[in-house]
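Just below is one structure, and these are the notes that go with it.
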Amino acid sequence: MFRAEPIASAAIDQTPLPKVNQETVITDPANGNGTVVEDEKDNPWYMPQWVEDLIEKINGLFQNFQDLMSGKLIYEAIQGLIVMMVDDMISPLFGAFSKSYLFTPQLAEIGLVYKGWSLFMYICLASIMLGVLWLASKVIKGKVELKSLLITFLICLPVIYYSLTALNFANIGVNWITQNMLAGTIGTEGISYQGLTGEQILKAMFLGKDGITDPTYEGMTLGNIVIATPGGIFTLLAYIAVIVFPLYLISVIKMLLLICLAIFVPFWINYTAYTGKMETLVGFVNLYLRSLLAGFLCALHFAIFVRIQSDYGVGEGIAAEIGVPPVIFAMLAVIFLFAVLFFLWIRPVWRAVKDPITLSGGKAIEGLGNWGERASLASNRLGKRMGAETLQKRSLNWAEASRKMQSTGKRMQQQQSSLKDRALSKITGGASEAIQNIKYSAPKSLAQESGSVVLFDDSMDLNFDETIVESSSTNLYSELKKSGYSQANLLNVDEGQRRKMTEQLQHLSPEYKDLVEWNEATGELVTIGEAKQGVVGNLKQLGFNVASQVEGMSRDGVFVGLETKKVHKMLDTEKAETAIQKINTDLQTYTKANLPSSTAKSIYSQLQNVKDDLPWVKNLKMIDEDLHIDTQDVDEAKPYIEKMLTSPKDKVRYNMPRSSKFLNDMITDWKYSPNRQDLVKALEVNPDKNVVYVDSAHRQEFTKAVEEYQKDRTPYWRTKDGKTFVIMDGIPIDHGAPPTNGINMGSFEEFQKDMIQHHQEQKLQNEKVTSTTKK
């Protein structure tokens with residue numbers, strides 16, 4: 001592709017213009033009409049006109065001879081011929097480009113589609129109506145189990161009737177999205193891209209948006225435009241071979257596929273209703289949506305490279321920066337587009353063509369399950385990084401559902417054989433299974449590990465047990481004196497004497513009662529002013545140890561030691577709280593974190609590495625091997641340090657066998673076992689989903705307990721009609737009643753499906769091995 005500058009017509013059409021009697025077409029600027037006038041030349045008076053004409057003809061003859069000898073004339077003739085041939089060759093392709101390359105055709109407006117769909121719609125409606133009448137008569141006669149099937153048939157009636165309308169609405173929705181995407185990406189307004197001709201679409205990929213908006217290029221063919229660029233014929237042929245023809249094939253295949261899907265949709269709905277094979281409907285939806293997505297990707301490819309070409313034309317964008325024409329990118333992009341469409345669309349279409357009845361719906365479900373499992377496990381890893389417990393658990397649930405979807409898809413692909421085997425088994429009483437050597441086996445382990453969840457214990461609460469004032473004793477005394485504090489002493493009473501102290505203080509003289517503050521929980525006694533001598537002397541006579549007194553200041557239930565600098569809250573009152581807040585505001589105070597010395601040292605050391613990011617870390621102090629935090633920073637520092645103290649917990653998820661019903665019985669059995677009490681506390685049980693989460697520390701204990709529970713018990717399965725089966729030598733045996741010491745494994749029908757499917761997979765694998773060996 002090239003810079004979109006106006007191209008002179010002479011540069012495109014290299015054929016010499018014929019001369020008509022030396023007449024020149026002059027455009028009248030007043031009315032714009034072409035007027036033929038005589039070419040007025042200043043010929044010498046002595047030279048007749050016919051001589052001048054003869055000289056010009058001789059000069060033209062010599063020029064033509066020169067061009068012929070140099071090869072220029074031959075080159076221009078060949079080039080013009082190639083351009084003409086290419087234009088004639090690609091002109092029939094423009095219709096497909098205009099109708100279905102950028103947008104999905106509105107199927108209901110195509111006559112062939114509407115007539116074909118109508119024919120199948122009436123046939124299928126009649127078929128469904130017959131089924132409804134037959135099922136209704138059976139339900140009236142007492143066949144209640146057919147009621148759900150009757151409802152399915154009734155739902156299919158309007159679905160068939162409005163199927164084409166629904167498909168058309170889907171087309172309109174995708175086209176609306178495509179129109180907005182094109183306008184936004186290319187950067188145009190007021191242009192309806194659905195109205196573009198095929199030639200305009202291809203011109204735009206070569207010229208940028210000027211190919212759509214600039215009238216200069218309207219009268220030029222695509223071949224003439226391309227041939228005028230650097231590269232000439234090579235560029236033209238490469239553009240046609242690598243871009244035009246491949247995209248034409250995509251456009252035609254997409255349109256034909258959508259037409260076929262629209263015409264035959266009543267047939268597939270009818271088939272689903274009668275056979276119950278939902279994979280047919282899944283296959284149809286999968287194929288239709290993939291076709292719409294394929295069309296959208298083609299339109300996105302168009303929009304991107306029209307934008308790149310437009311930017312290149314004005315010297316902007318990545319192509320202009322590196323000096324590579326966008327045509328190179330466009331050719332490489334078509335190859336990449338084909339690679340994407342092969343996996344996303346072409347391969348599923350081929351699978352559906354080989355299986356036109358179910359449209360390879362089972363494979364689609366299996367593939368969806370594979371993608372779902374990958375996405376779920378990725379979501380689980382994201383949840384671990386974020387510490388989101390709910391996300392981790394839900395992602396594991398989604399992963400398990402995706403695995404079941406994979407299994408369902410595989411079973412659907414083998415369903416015809418599986419249904420036949422189960423029907424034969426029921427008719428022959430299991431003899432057909434014995435002939436086919438289908439062996440049944442109970443799960444080797446009842447608990448299957450399927451992932452893990454990482455949690456953080458948010459119950460950690462960091463405590464602070466003392467506040468220290470950073471100030472000299474003299475300054476502290478004067479500051480507190482100004483604030484109305486009185487001198488006082490603090491006495492620490494031994495724990496064995498605290499109750500006795502409480503009894504003695506009840507008999508204290510009335511004159512001292514307001515001067516004494518006592519906290520039995522901490523054993524701290526504060527005596528204020530005159531009470532210091534009288535009360536302490538009396539306590540000494542009663543046998544209390546009063547030697548370890550601390551001098552300080554007290555007010556409103558708060559004591560501050562002048563030597564220790566510690567703040568003690570004696571009373572749990574609003575006044576005491578206000579007094580402490582005032583101390584923290586007026587004085588520099590530190591609060592001690594209640595941590596072991598080794599932990600305090602470790603946290604202090606780690607926090608020094610992030611002090612540039614956390615301003616409060618700069619105010620930390622280690623005093624007597626204890627971590628002290630500026631009181632003003634406690635609210636900010638506390639949650640951060642609590643996070644440092646927490647450690648992640650790993651919980652492993654275990655799935656019980658599908659449809660089994662023994663989980664509650666097993667947990668109940670463990671609750672009454674004296675050896676399993678700690679294990680039960682470490683479990684998180686979800687009976688609805690048949691799932692158990694186990695603390696990783698109890699992982700081995702859990703698996704061992706499950707093995708012991710399974711060891712002496714007999715697994716059994718229940719059928720829909722109430723029979724009980726146990727497995728003996730690989731054969732299901734009707735036990736008549738559940739074993740006394742049994743494990744309820746759930747539905748026998750589900751178990752039978754799994755066993756038959758496993759047998760068929762094993763059979764196919766053996767056939768592949770045999771075939772490979774022979775080769």
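Starting from 1, each residue takes its place in the sequence as its number.
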Shortest non-hydrogen contact from Leu595 toward Asp626: O-OD1, 4.5 Å
Glu701/Arg676 under side chain to side chain contact (heavy atoms under 4.5 Å, CB included): CA gap, chis, key distance, verdict: CA-CA 9 Å; Glu701 184 183 359; Arg676 303 295 182 206; 4.2 Å; yes
Min side-chain heavy-atom separation Phe662-Tyr709 under 4.5 Å: yes
Check against side chain to side chain contact (heavy atoms under 4.5 Å, CB included), Ile580 and Thr467: CA-CA 10 Å; Ile580 289 178; Thr467 300; 5.9 Å; no
Exercise: do Glu520 and Thr502 side chains pair donor with acceptor under 3.5 Å: yes
Phe296 and Met181, any side-chain heavy atoms less than 4.5 Å apart: yes
Contact summary for Tyr485 and Ser554, nearest pair of heavy atoms: CD2-C, 3.4 Å
Distance, nearest 0.5 Å, that separates CD of Glu503 from CZ of Arg498: 15.0 Å
From CD (Gln606) to OG (Ser602), nearest 0.5 Å: 4.5 Å
Interatomic spacing from CG in Leu587 to OG1 in Thr631 - rounded to 0.5 Å: 10.5 Å
Chi angles and distances behind the side chain to side chain contact (heavy atoms under 4.5 Å, CB included) call for Tyr654, Leu683: CA-CA 11 Å; Tyr654 287 91; Leu683 301 180; over 6 Å; no
Separation between CE of Met553 and CG of Leu476, rounded to the nearest 0.5 Å: 8.0 Å
Met728, CE: over 12 other non-hydrogen atoms inside 6.0 angstrom: no
Distance in Å, Met666 CE paired with Glu708 CD, rounded so as to fall on 0.5 Å steps: 12.0 Å
Neighbour count above 12 (heavy atom, 6.0 Å) for Gln448 CD: no
Glu563 vs Val550 side-chain heavy atoms within contact, under 4.5 Å: no
N/O donor-acceptor pair under 3.5 Å between Asn690 side chain and Ser660 backbone: yes
Polar side-chain atom of Ser471 near backbone of Asn475 as donor-acceptor pair, under 3.5 Å: no
Closest contact, heavy atoms only, Gln710 versus Pro443: NE2-O, 3.2 Å
Trace of the side chain to side chain contact (heavy atoms under 4.5 Å, CB included) decision for Ile528 with Glu517: CA-CA 8 Å; Ile528 305 170; Glu517 294 170 350; 4.1 Å; yes
Phe702 and Trp670 aromatic ring geometry - parallel, tilted or perpendicular at 30°/60° bounds: perpendicular
Enclosure of Asn180 CG (heavy-atom neighbours >12, cutoff 6.0 Å): yes
Residues, nucleotides or ligands: over 12 heavy atoms within 6.0 Å of Glu551 CD: no
Non-hydrogen side-chain atoms of Phe464 and Lys638 separated by less than 4.5 Å: yes
Heavy-atom side-chain proximity of Ile468 to His628 below 4.5 angstrom: yes
Option passing side-chain contact (heavy atoms from CB on, under 4.5 Å) with Val558 (candidates Val567, Thr578, Leu571): Val567
Residue pair Met644 / Leu607, side-chain heavy-atom distance below 4.5 Å: yes
Side-chain heavy atoms of Ile727 within contact of Pro732, under 4.5 Å: yes
Side-chain ion pair, Lys569 and Asp572, N-O less than 4.0 Å: yes
Expected output: side-chain Arg699 to main-chain Val652 donor-acceptor under 3.5 Å: no
Shortest non-hydrogen contact between Lys651 and Asp695, atoms and distance: CE-OD1, 3.1 Å
Asp734 side chain to Lys723 backbone, donor-acceptor under 3.5 Å: no
Minimal non-hydrogen separation, His698 against Ala682, with atom names: CD2-CB, 3.3 Å
Main-chain N/O of Gln581 paired with Thr585 side-chain donor or acceptor, under 3.5 Å: yes
Exercise: identify the closest heavy-atom pair between Tyr716 and Pro739: CD2-CD, 3.5 Å
Minimum side-chain heavy-atom gap Ile743-Leu446 below 4.5 Å: yes
Separation of Thr527 OG1 from Trp518 CH2 (nearest 0.5 Å): 12.0 Å
Donor-acceptor under 3.5 Å (Glu749 side chain, Lys720 main chain): yes
Glu577 side chain to Thr573 backbone, donor-acceptor under 3.5 Å: no
